[in-house]
Amino acid sequence: MAVLETKDLRKIYGSGENEVRALDGVSVSVEEGEFVAVVGTSGSGKSTLLNMIGGLDRPTSGSVRIRGRELLQMKDEELTIFRRRNIGFVFQNYNLLPVLNVYENIVYPIEIDGGNPDTAFVKQIIHTLGLERKLQNMPGSLSGGQQQRVAIARALAAKPAIILADEPTGNLDSRTSMDVILLMQAVSRRFHQTTVMITHNEEIAQMADRTIRIEDGKIVSGGVGYAR
Amino acid sequence: MHANRNKEVIKKVEKGMMRANRIRNLFAVLAVVLTTFMITTVFSLGINYRENMELTGVRTAGSSADVTLAAPTAGQERQIRALDYVETVGVRYRVGSAVRTNAKGRESSIAIRYYDETEWEQHFQGAISQIHGSYPVREDEIMLSEDALGLLGITDPVLQMEIPLAFSSKNGEQQETFSLSGWFRSYTGTGMAFVSESYCTAGGYVAQEDKTLSLSLREMPGDYYQIQKDIPLDDDQYFVGSVSMSSSSGSLIAMVILLVLFIIGSGYLLIYNVLYISISKDTRFYGLLKTIGTTQRQIRSLVKRQAFPFACIGIPIGVGLGAAVSFGVVPLLLRQGFEEGRSSMDAVVFFHPAIFLLSVIFSAATVWIACNAPAKAAARISPVEALRFQNFAPKKAKNRNSTNGGKLHVMAFHNVFRDKKRAVLVFLSLFMGTVTILGVNGILGSIKGENYIDRYMKYDFRYTDLQFTQFENLEKETPQFDEHLLEQLSQVDGVTAVSASRITWAEIDFAPLEWETFLQMEHDELYQDGKTYEEMISELQELAAAGEYGCYVATIDEALVERYNDTHVAPIDMEAFRRGETCIAGMDTETFAPNASLVGKTLRLTSDNADGRTADFQVAGAFHYEDLDDLFRIGHRRWVGAVPDVIYVSEAGMERLTETAILYDIGVDVGSAAQLQAADWELNAINATLPSGQWDFESAVSMLEYFDQMYFSIGLIGNGAAILLIAIGLINFVNVMLTSVIARRNEFAIMESIGMTKRQIRRILTFEGGFYALISTILIMTLGNAFLLLVAEAVPSIADYARFTYPVGLVIGLIAAIFAICLCVPSLVYRFTVKETVIERLHDFEN
């Protein structure tokens, strides 16, 4: 069953001569547990697609379904709550909260949802990502790779339906990049976690189960998934 | 070192930045305007307050001279004029006085005087206002005060109009017709008339003994004591010093300085924040400028030069607004207060160029300091760092051993202290604003009329017979009040108690041998100049033979006797006093207590009323002045000297002397404060039917009105300053909240992206506001209350009737207001500033 499904997604900025079609009829589906990479050049629309899927931005037309729920029919507040329960984000610049230490950052999405963190699960994630010794550190004192690992842990902790990673290695050197990607791959396998990752790095895209190519707002290849 | 050749380019960049930052420019100019406005207002209000207090002092004293000396000898005058610390010497001559009946049916007099040029111009003109015409020159000219015009029944004075005036002078009764040369407003409450030098010379009023010298000294009160040492005076001569009201000006200056520093601090924060936000928004831009070869110094001056136009536009506007308020709004309020009878003075607004100069300097300094730090920050930005720059990121990332940091209230708490300097400034401004309001109102509240009434007015309303207050009143007294009045008073609505005290003059059988201690003490006090004890005794015996050795005997409230028993070691037997067997002699002082030596002795008193009898009274006690603080001061019919000043007996005691003692003191009390006004009207209606004479009516209502008048302008200015402080506190809080919300837009975007709802973010912000309020409240309840304790201790030194009451209502009200504002503002600010979508804000951050 597809965890994520988009149908004929369009995002159009401006009108007339200035019209920019950031997304032009994108239909994608991702199965449960898949690790998918979205590749495309700068300005191809891959980030826009990710934002649509994550409910951070609204398309001009089309539909986005996650676990069968139509995102576009939700009101802002409802969408936010749906997002924190079902979608985990990993950003290029980590976006950790500077006032919280590593542990607090990781469990933050669970706490704002009013829930208690599944301590055993969180410990497992922390162990997997090798963050045991850094739990009391503030984000400012961590290296980029470490911060990104915290961000991944944070995205995983709430057991979301899908993790959306936007150029997770964009700010990291190539060695650290590879470490992070390997981790993401391992995590995806281990926790059977659906992951959609944007990258422009072909080498990294190779590590994914499937690669979706996007050019000028259109899917070129890999739009429809298959069961592993 | 290479010469810098890109100055032209920098200028272009500067212009471009100014154009690109319209909104920021607007805010920065507003911040400068606000700062300058507040500084100007505080300076001008402070200076005007001080000057008006001094003016009020001069006006109520009727002169700006410090010391007067009546009837100086020619030698003394020469000596005085030669003293180097005597700055000006004015001369007054008393010509005579005219008695007129005023609108209320009371007799009031117009003093007719001649002042020489120095006195008129240098001492007197400062105490009057609204001068029309000029000082009389011709022999038939006269100048009158508005009060005198009123007494003469003139409502529309015209120059050169005829003024017929009957008056008495040392030449006897006079009848003259003068021509009005001018009139003026005075503030002493008495009628004044001035005549010309030629009139006085012709009438022979300019003799040395008619002179009063009025002097202004270099330094009060030091020179006042000095002149008393330097100029030897005759027995009946003494220097009279006028009391100055400007004693509080030192604390006023301190207050103004404190306020100005406070405003500079707030203005600094405002301007700093505006610039700082704009710089952190342009971080990448500055990084870029550096990459392409702009020096640190150039970037600093780039930022500072942007601030220059803000100062050029903002400071003049601020000064203009400040001037409009201090010379337009405040005087308008003060004048309105005067015209509506709420203030006894029509205020004068003083123009001091220094106010504006100081305001401009201080404001410019504030702008300079405020843009210094952001300029440095901009200059320090390294091209590489610029990419990663994140405003508000904690500078030192210490580890923190906690797991609950994600709880909304914990996050809010950490957020409050993220920038400690800002947090402290907000606490301080909220705290100081509140405490100043509490202090000002605490002081004003402690000297309010009600406290004066509690302290000094034994009754709500009081009738007193003035014949008995005179030092000497040689004629036999005529009763001013009768039993019918008592009846009328007790029937007035709301009156709960009417107390009546009676008085008679009684002869005392002179027994020099028995009272030797008493007489010896009196002699030592009274006749230090050589009259022997024996001479005094023989004089007193002569008086006794003529039936003139005696004093007033009055009844007294038993409560006072009971209070006497509480405070004195040897109590008075209440029963014996009540039965009328004993009396109490008064009034002793701490250092001079002759009456105490009479205790135990028996006095034989004989009332001089028509039905007067003789009765013996044992002296049971001696009153001190302090015992009779709130009592009517009884004088003498004839000043005898070595005799008790007054003797108090009970009602029964009085009946042993006479059945027809004169009612001299009537106290009227009403049930509640709410009934005061109505009772006042009724009593005034009754008073109108009383024959006008030598009596006085004291009303709590008019005393309250008087106090309201007296403190109207002080209250206005004090509360003005308080409102200003509240405003500063609020502006600081809003400013800090606004800055911190704007600076954290990205952070909020992150929170939203990982699933935090807007409502949750608003809750964090509300929590933050709550912490600001809570911490400010804690400060107010601890440090603030300690400060109020100091105020409470200082209050008794302001006035002896002052009583400090903790302003519970005000404290609760202010704290409630602080909470209301602190809880509402942050989420409102968030609502108004965060309108873009999460993505837009996240992108902002990434750029």
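These numbers come from a predicted model, not from an experiment. These values consider heavy atoms only, across backbone and side chains, with no hydrogens, waters or symmetry-generated copies. Protein chains get the first letters and strands the later ones, always in sequence-line order, with residue 1 at the start of each.
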A.B. asks: Where does A/Glu111 contact chain B at under 4.5 Å (heavy atoms): side chain, backbone, both or neither?
C.D. replies: side chain
A.B. asks: If you count every heavy atom of other residues, nucleotides or ligands that lies below 6.0 Å from A/Asp8 atom CG, does the total exceed 12?
C.D. replies: yes
A.B. asks: Any side-chain donor paired with an acceptor under 3.5 Å for A/Glu32 and A/His192?
C.D. replies: no
A.B. asks: Could you check whether B/Lys758 pairs with B/Glu752 (Lys NZ or Arg NE/NH1/NH2 to Asp/Glu carboxylate O, under 4.0 Å)?
C.D. replies: yes
A.B. asks: In terms of relative ring orientation, are B/Tyr772 and B/Phe733 parallel, tilted or perpendicular, with 30° and 60° separating the classes?
C.D. replies: perpendicular
A.B. asks: When only pairs under 4.5 Å are counted, which of B/His414, B/Met756, B/Met751, B/Arg759 shares the most heavy-atom pairs with chain A?
C.D. replies: B/Met756
A.B. asks: With only heavy atoms counted, which part of A/Arg85 is less than 4.5 Å from chain B, the side chain, the backbone, both or neither?
C.D. replies: neither
A.B. asks: Go through the atoms of B/Met411 and report whether side chain, backbone, both or neither lie under 4.5 Å from a heavy atom of chain A.
C.D. replies: side chain
A.B. asks: Quick one: what part of A/Leu97 sits under 4.5 Å from any heavy atom of chain B, side chain, backbone, both or neither?
C.D. replies: side chain
A.B. asks: At a 4.5 Å cut-off on heavy atoms, which part of B/Ile761 comes close to chain A: side chain, backbone, both, or neither?
C.D. replies: neither
A.B. asks: Under a 4.0 Å threshold between the charged nitrogen and the carboxylate oxygen, would A/Asp76 count as salt-bridged to A/Arg58?
C.D. replies: yes
